[in-house]
*Asks:* 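Take a look at the following structure, please.
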Amino acid sequence: MTVRKTPSSNKKRSSKQSSVPKQDLTFLLEIGTEELPSAFLDKTLVDLKLLAKELFENSRLNDSLQMNDSLQTFGTPRRLALVVKGVKAEQGSFLEEVFGPPKAAAFDHAGNPTKAAEGFAKSQGVPVDHLRIKETPKGQYVYVHKDQPGQPAKRVLADAIPKLLAQLCFPKAMRWNASRVKFARPVRWIVAMLGKEVLAFEFAGIRSGQQTWGHRFPQKRTRNTGTGLKILHASYYLDTMTKAGVVVDPEERRSIITRQVSALAKTAKGQVDPMYRDELIEAAVCGVENPHAILGTFRKEFLTVPKPVLISSMKEHQGFFSLVTREGALLPKFIAVTNMPWGDSRLMTKGNERVLSARLSDAKYFFTEDLKRPLHERVPALQGVMFHQKLGTVRQKVDRVCELVGWMAEHIGRNDLQDVCRRAAFLARADLTTGMVGEFPTLQGVMGEEYARHDGEPAEVCRAIGEQYFPRFPDDQLPDSLPGALLAVADRCDSIASFFSVGMVPTGSEDPLGLRRAAYGLVRLVTETPLRLNMVEVFARCIEGLSAQGVLLKTANPVQESVAFIIDRLKFFAWQTLNLRPDIMEAVTRVRQADHCDVFDLLTRMRALQAMTLQPDFDPLMIGFKRAHRIVEKEQWMDTQVVPERYLHESEERLSQALEVVQQRVSDSVNDRNYGKALQSLLELKSPIDEFFGGVMVNDPDPHTRANRLSLLKGIDDLFLTVADLSCIQSVSV
């Protein structure tokens, strides 16, 4: 392998690895910590694997072709581990070429070495006559060969591992001792071994060794599981931990939990509620070191509380799996994953039942108390709930959304839904003042729908309140009802316009207000539902509502900035879900009029254009079109008026006639939003355009002839631009 540096550094190096002893060892690294948050584990193990792979590939201690199979990461709430097989005991030596000054600076015209050559030779510890000359892409340079011996793997890894650990990042980190090292949780022990040898180093004030700890709660019949135990050889790690009561492989724990939960659900004659099943399994995998699932029950009287409340109470506070019948009715049973595969299961079950009973009692109390006051009486209390200090209260937001959603219903020709939409918007945030939502924030909207139904509100109003937060995440369901979709769109548009108007926009990877998520959901809402809205008008109405409430606008053009933000999310959505090309999306969005933005229409054009680019006639058409576009653009020609009497060649007349026919067809297709048909019609212009450029010279000496031909090309250019700016398309043939 040759590694080169730029000549400006005066050093260029290449290396060829020599043979090394075929002695392969196993490397082990384990970092023992206080309990890690379950949300940290998966990402940390991914980061650890990437960093370790980079380390071993660069250190010449492992065959890079076998790296993916030989490197494994493991983890539990109390430990992060790395095992690498096939590690060389010593780095391979390599031949290094160290480059110095150019030949012209190193030797004079007579071939004698200059001071530059002498200085370089001295710095490398070799005589001047050992200097050689080599041709490089930048010219001839002098260099010397230096044989660099490999370092023992033990020394290389002992130096590198502390640096690797320091590169691990966490959502939140802490310092806990004089070392001032930041880590997710305090580090309590470090095991670092190469074969049977310990690699000595220090990290976070902890010296590495070969002593680890087993399960925090020891099995009675097994010795030393809860105390320190030595790992005699790195390759014994998995067996040692298994005997110590720890299942270090997350995949194995996932398999155990899935199997146990499924078996218990079958025993209970039910099935795990699918909504949070995968999420709860992942939390359990990252929360225990040796899983043991147990089946518990709760009192049937709690079933009078709405199903979402019970499920949320079991999930949020305890991490319990809810069980339902095949019809979806909640069973008075639950499954808990404990960290105790040994011990008295009956005692653990009773303990979990007792804790859950207290939680469900709280939930029932909140529900009963909340029902004493109807939702519409809670709306005035929103005046005391701050939406944002720059944007006023939640009650003010409610007023804005009420006005906006009513206007939207009218705008799409559904005046019959105005009252329903306004009533739903008026009650939409009232559940924020309830005890239940205060205890379980994830039930926003869900409890609003429950309470509205209890209050006797119309079914469409109740449903819209429950659907206002859909989609909550990228792949979530969309509202089933039109009022629900309108309310979801109005709320997101108000939030985006509000924060953009006061200059609070996402920057880089930071998005604390969740505006990208809101915009992504908005794109899904207006592309996957029957809503057809001009987002320029929608955001203009939002800004009017803010101004009417006295909000001080700090952005010059919040409407266009909000629209641009939505278009950016549309491109991300189209790329992620439909694999649309960036040049295709740019071609479509570039022709959007400043006063109009129909997101569904833009996406429809993008899909039609990408489909058209796959046709064999498309690339040849682009050759002629781009030539016409470049000429018009260069001449800055704006006139499209042509005079047939000035045609001097039959190709001009043929192109003019074809253009007139295709213009009508494209216009009709665009009006029908049949962009595939419009683009197909453009293909008919390929031959007339090719004949035109083959038969005439556009820049004719006669100014009238030249102007006529430029106007003809301008007509071509304008016609294509009614669908998309095809000059953006990256074509292999052009």
Side-chain angles (χ1 to χ4, degrees), residues 1-3 13-32 44-75 79-98 145-168 181 187 189-212 229-241 248-249:
M1 183 180 68
T2 300
V3 181
R13 299 183 177 184
S14 66
S15 62
K16 183 182 291 185
Q17 187 167 331
S18 64
S19 61
V20 296
K22 296 183 178 181
Q23 180 185 5
D24 294 349
L25 299 169
T26 298
F27 168 73
L28 166 66
L29 172 68
E30 184 190 61
I31 308 101
T44 302
L45 291 181
V46 170
D47 292 345
L48 178 60
K49 188 167 188 175
L50 291 174
L51 291 170
K53 184 177 180 181
E54 181 181 5
L55 165 62
F56 279 90
E57 286 178 344
N58 294 337
S59 63
R60 307 189 313 281
L61 291 172
N62 188 286
D63 184 354
S64 60
L65 296 178
Q66 305 297 325
M67 179 61 66
N68 290 331
D69 297 327
S70 64
L71 190 151
Q72 294 176 287
T73 54
F74 305 99
R79 68 197 76 231
L80 304 170
L82 169 69
V83 175
V84 185
K85 299 178 181 178
V87 178
K88 306 299 181 183
E90 184 176 300
Q91 288 178 316
S93 61
F94 67 101
L95 190 64
E96 182 181 41
E97 293 178 348
V98 183
H145 274 139
K146 298 184 72 175
D147 189 18
Q148 298 287 2
Q151 298 293 319
K154 185 176 178 181
R155 181 186 304 170
V156 174
L157 293 174
D159 291 339
I161 294 302
K163 299 174 184 176
L164 180 149
L165 295 178
Q167 293 181 67
L168 290 175
V181 168
V187 176
W189 74 87
I190 298 176
V191 176
M193 301 181 69
L194 186 61
K196 63 181 180 181
E197 293 188 78
V198 174
L199 304 184
F201 62 83
E202 182 177 307
F203 177 76
I206 304 294
R207 296 290 301 175
S208 60
Q210 63 186 123
Q211 182 168 277
T212 186
L229 64 153
K230 286 187 177 181
I231 298 177
L232 301 179
H233 195 283
S235 60
Y236 301 163
Y237 179 66
L238 293 181
D239 289 339
T240 302
M241 299 316 301
V248 293
D249 187 352

*Asks:* Contact between Leu82 and Phe27 at the side-chain level, heavy atoms closer than 4.5 Å - yes or no?
*Replies:* yes
*Asks:* Which value, rounded to the nearest 0.5 Å, describes the distance between Leu194 atom CG and Leu25 atom CG?
*Replies:* 4.5 Å
*Asks:* Evaluate the side-chain proximity of Glu30 to Phe74: yes if any heavy-atom separation is below 4.5 Å, no if none is.
*Replies:* no
*Asks:* Report yes if the side chains of Val191 and Leu29 come closer than 4.5 Å at any heavy-atom pair, otherwise no.
*Replies:* no
*Asks:* Do you know which two heavy atoms are closest between Ala200 and Ser208, and how far apart they sit?
*Replies:* CA-OG, 3.5 Å
*Asks:* With sequence neighbours left out, write down each residue that passes side-chain hydrogen bond (donor to acceptor under 3.5 Å, both in side chains) with Asp239, or none if nothing qualifies.
*Replies:* none
*Asks:* Can you give me the closest heavy-atom contact between Lys88 and Ala153, atom names plus distance?
*Replies:* O-CB, 3.1 Å
*Asks:* For the residue pair Phe56 and Leu157, establish whether any side-chain heavy-atom pair is separated by less than 4.5 Å.
*Replies:* yes
*Asks:* Does CZ belonging to Phe201 count more than 12 external heavy atoms closer than 6.0 Å?
*Replies:* yes
*Asks:* Considering only heavy atoms from C-beta outward, does the side chain of Phe203 approach that of Ile190 to under 4.5 Å?
*Replies:* yes
*Asks:* Side chains of Leu232 and Lys196, heavy atoms from C-beta outward: is any pair under 4.5 Å?
*Replies:* no
*Asks:* Taking the side chain as every heavy atom from C-beta outward, state whether Met193 and Leu199 have any pair of such atoms under 4.5 Å apart.
*Replies:* no
*Asks:* Got a second to check how far Met241's CE is from Leu229's CG, nearest 0.5 Å?
*Replies:* 6.5 Å
*Asks:* With rounding to the nearest 0.5 angstrom, report the CD1 to CD1 distance, Ile31 to Ile161.
*Replies:* 8.5 Å
*Asks:* Kindly write out the residues that satisfy side-chain contact (heavy atoms from CB on, under 4.5 Å) with His145, not counting sequence neighbours, or none if the list is empty.
*Replies:* Leu95, Glu97, Arg132, Tyr143
*Asks:* Thr26 side chain to Ala234 main-chain N or O, any donor-acceptor pair under 3.5 Å?
*Replies:* no
*Asks:* List in chain and number order the residues that pass side-chain hydrogen bond (donor to acceptor under 3.5 Å, both in side chains) with Thr44, two or more places apart in sequence or in another chain; answer none if no residue qualifies.
*Replies:* none
*Asks:* Is it true that a side-chain atom of Gln210 and a backbone atom of Val198 form a donor plus acceptor pair closer than 3.5 Å?
*Replies:* no
*Asks:* Can you tell whether the side chains of Asp24 and Lys85 come within less than 4.0 Å, N to carboxylate O?
*Replies:* no
*Asks:* Could you report the tightest heavy-atom contact between Tyr237 and Arg79, atom names first, then the distance?
*Replies:* OH-CD, 3.8 Å
*Asks:* Considering only heavy atoms from C-beta outward, does the side chain of Lys53 approach that of Glu57 to under 4.5 Å?
*Replies:* yes
*Asks:* Using the side-chain contact (heavy atoms from CB on, under 4.5 Å) definition, which of the options Leu50, Asp47, Leu48, Leu51 pairs with Gln167?
*Replies:* Leu51
*Asks:* Drop me the distance from Lys154's NZ to Glu197's CD, to the nearest 0.5 angstrom.
*Replies:* 4.0 Å
